[in-house]
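One structure is given below, encoded as structure tokens.
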Amino acid sequence: MVALVNAAREVARHLLETPLPRRWSHVQAVAAKADRISAAVPIRDREVLVASAWLHDVGYSPDLVDTGFHSLDGGRWLRRQKHDERIAALVAHHSCAWLEAEERGLGEVLAAEFAREETAVTDALCFSDITTGPDGQDFEVLERLAEIRSRYGPEHLVTRFIGRAEPGMVAAVQRTQGRLVGSVPQPM
């Protein structure tokens, strides 16, 4: 697990730390949270979860901007760099990104280029991202969605996306919380 995760961390650090320090703080906290909650996914998927968490926002890097949609730009760049295809697809679709792609007129492009999975990994990646604030602080999911809405304003495309994605994001968080309860030995 260590090699893939370390490589992902270094890629994200290189792309985000200097040009986007606030984004880098968010990514570090998302990855740390993904590591902490990795018991919510099968053992064989834990490395993929944490590596994807490190890489989920690399598409914001000024060096990678193509379409202006960070999920798609990040997934495409990872693919071009010969990163793991599953991780590239997880990045491209993270946190209900297909709904934002539709808002941007890129829904068909995203769907044609990257397979979307619906697994404990996608839920845990969404949980880690959508319960972590822009500076790395912990949020309850509905508080985080309200924070995003307030940052972008009522008419922004991202706010429209969040309105559409909220039920799916809340459900992913709840499923992950349920898996965590089921994975932790309880005292007798």
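This is a predicted model, so every value here is computed, not measured.
- Hydrophobic clustering keeps Val30 apart from Met169 (ILVMFWY residues linked when any side-chain heavy atoms are closer than 4.5 Å, directly or through intermediates).
- Heavy-atom minimum distance, Gly163 versus Arg149: CA-NH2, 3.7 Å.
- Here the closest non-hydrogen pair linking Leu55 and Ala12 is CD2-N, 4.3 Å.
- Note that NE2 of His94 and OG of Ser128 are 11.5 Å apart. Values are rounded to the nearest 0.5 Å.
- Contact record, Thr176 with Ala40: CG2-CB, 3.9 Å, taken as the closest heavy-atom pair.
- We find that Arg179 and Asp123 are joined by a salt bridge, their nearest charged nitrogen and carboxylate oxygen being less than 4.0 Å apart.
- At least one side-chain heavy atom of Arg76 sits under 4.5 Å from a side-chain heavy atom of Val109.
- With contacts defined as side-chain heavy-atom distances shorter than 4.5 Å, the pair Gln174/Val141 does not qualify.
- Of the inter-residue distances, the one linking His156 atom NE2 with Ile162 atom CD1 reads 11.5 Å to the nearest 0.5 angstrom.
- Side chains of Val11 and Trp54 form no contact here, defined as non-hydrogen atoms less than 4.5 Å apart.
- Salt bridge annotation for Arg23-Glu17: absent, with no cationic side-chain nitrogen under 4.0 angstrom from a carboxylate oxygen.
- In the hydrophobic cluster analysis, where Ile, Leu, Val, Met, Phe, Trp and Tyr join through side-chain heavy atoms closer than 4.5 angstrom, Val65 is grouped apart from Leu16.
- Within 6.0 Å of atom CD in Glu155, 12 or fewer heavy atoms from other residues, nucleotides or ligands are found, so the atom counts as exposed in its surroundings.
- Looking at Ser71 and Val91, their side chains never come closer than 4.5 Å, going by heavy atoms from C-beta outward.
- Between His56 and His93, the distance from one ring center to the other does not fall under 6.0 angstrom.
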Given Arg86 and Val121, is the side-chain contact (heavy atoms from CB on, under 4.5 Å) satisfied, shown in steps? CA-CA 11 Å; Arg86 183 177 182 203; Val121 174; 3.5 Å; yes

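- Side-chain contact between Glu117 and Leu90 is present, with at least one heavy-atom pair separated by less than 4.5 Å.
- Here the CG atom belonging to Leu106 is positioned 7.0 Å from the CZ atom belonging to Phe69, to the nearest 0.5 angstrom.
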Would you please test Thr67 and Arg104 for side-chain contact (heavy atoms from CB on, under 4.5 Å) and show each step? CA-CA 10 Å; Thr67 66; Arg104 293 177 178 274; over 6 Å; no

What verdict does the side-chain contact (heavy atoms from CB on, under 4.5 Å) test give for His83 and Trp77, after you've listed the backbone C-alpha separation in whole Å, the side-chain angles of each residue and the deciding distance to 0.1 Å? CA-CA 9 Å; His83 283 267; Trp77 183 83; 4.2 Å; yes

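- Looking only at distances, a side-chain donor or acceptor of Gln137 sits under 3.5 Å from a matching main-chain atom of Asp135.
- Residue Asp63 holds its CG atom at 12.0 Å from CG of Asp73, rounded to the nearest 0.5 Å.
- The two residues Gly168 and Cys96 have their closest heavy-atom pair at C-SG, 4.2 Å.
- For the residue pair Asp129 and Ser95, the shortest heavy atom distance occurs at OD2-OG, 2.7 Å.
- Remark: His14 NE2 is loosely packed, at most 12 non-hydrogen atoms of other residues, nucleotides or ligands lying under 6.0 Å away.
- Between Glu102 and Phe161, every side-chain heavy-atom pair lies at or beyond the 4.5 Å cut-off.
- A donor-acceptor pair under 3.5 Å links the side-chain atoms of Arg79 to the main chain of Glu113, judged by distance alone.
- The two residues Ala97 and Ala92 make their nearest non-hydrogen contact at CB-O, 3.5 Å.
- Comment: Lys33 engages Asp138 in a salt bridge, judged by a side-chain N to carboxylate O separation of less than 4.0 angstrom.
- Taking a cutoff of 4.0 Å between a charged side-chain nitrogen and a carboxylate oxygen, Glu103 and Arg164 qualify as a salt bridge.
- Side-chain atoms of Arg46 do not come within 3.5 Å of backbone N or O of Asp35 as any donor-acceptor pair.
- Cluster annotation: Leu4 is connected to Val58 through the hydrophobic network of ILVMFWY side chains, with a link wherever side-chain heavy atoms come within less than 4.5 Å.
- The line from OG1 of Thr122 to CG of Asp45 is 10.0 Å long, rounded to the nearest 0.5 Å.
- Glu100 has its side chain within reach of Leu157: a pair of non-hydrogen atoms, C-beta onward, lies under 4.5 Å apart.
- With rounding to the nearest 0.5 angstrom, the CD1 atom of Ile87 is 10.5 Å from the CG atom of Leu125.
- A salt bridge does not link Glu140 with Arg144: none of the charged nitrogens is closer than 4.0 Å to a carboxylate oxygen.
- Both Val170 and Ile130 are assigned to one and the same hydrophobic cluster, defined by single-linkage of ILVMFWY side chains at heavy-atom distances under 4.5 Å.
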Under the side-chain contact (heavy atoms from CB on, under 4.5 Å) rule, what do Trp24 and Leu20 come out as? Steps first, then yes or no, please. CA-CA 6 Å; Trp24 176 235; Leu20 300 169; 6.0 Å; no

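- Contact check on Arg116 versus Glu118 returns a salt bridge, with a Lys/Arg side-chain nitrogen under 4.0 Å from an Asp/Glu carboxylate oxygen.
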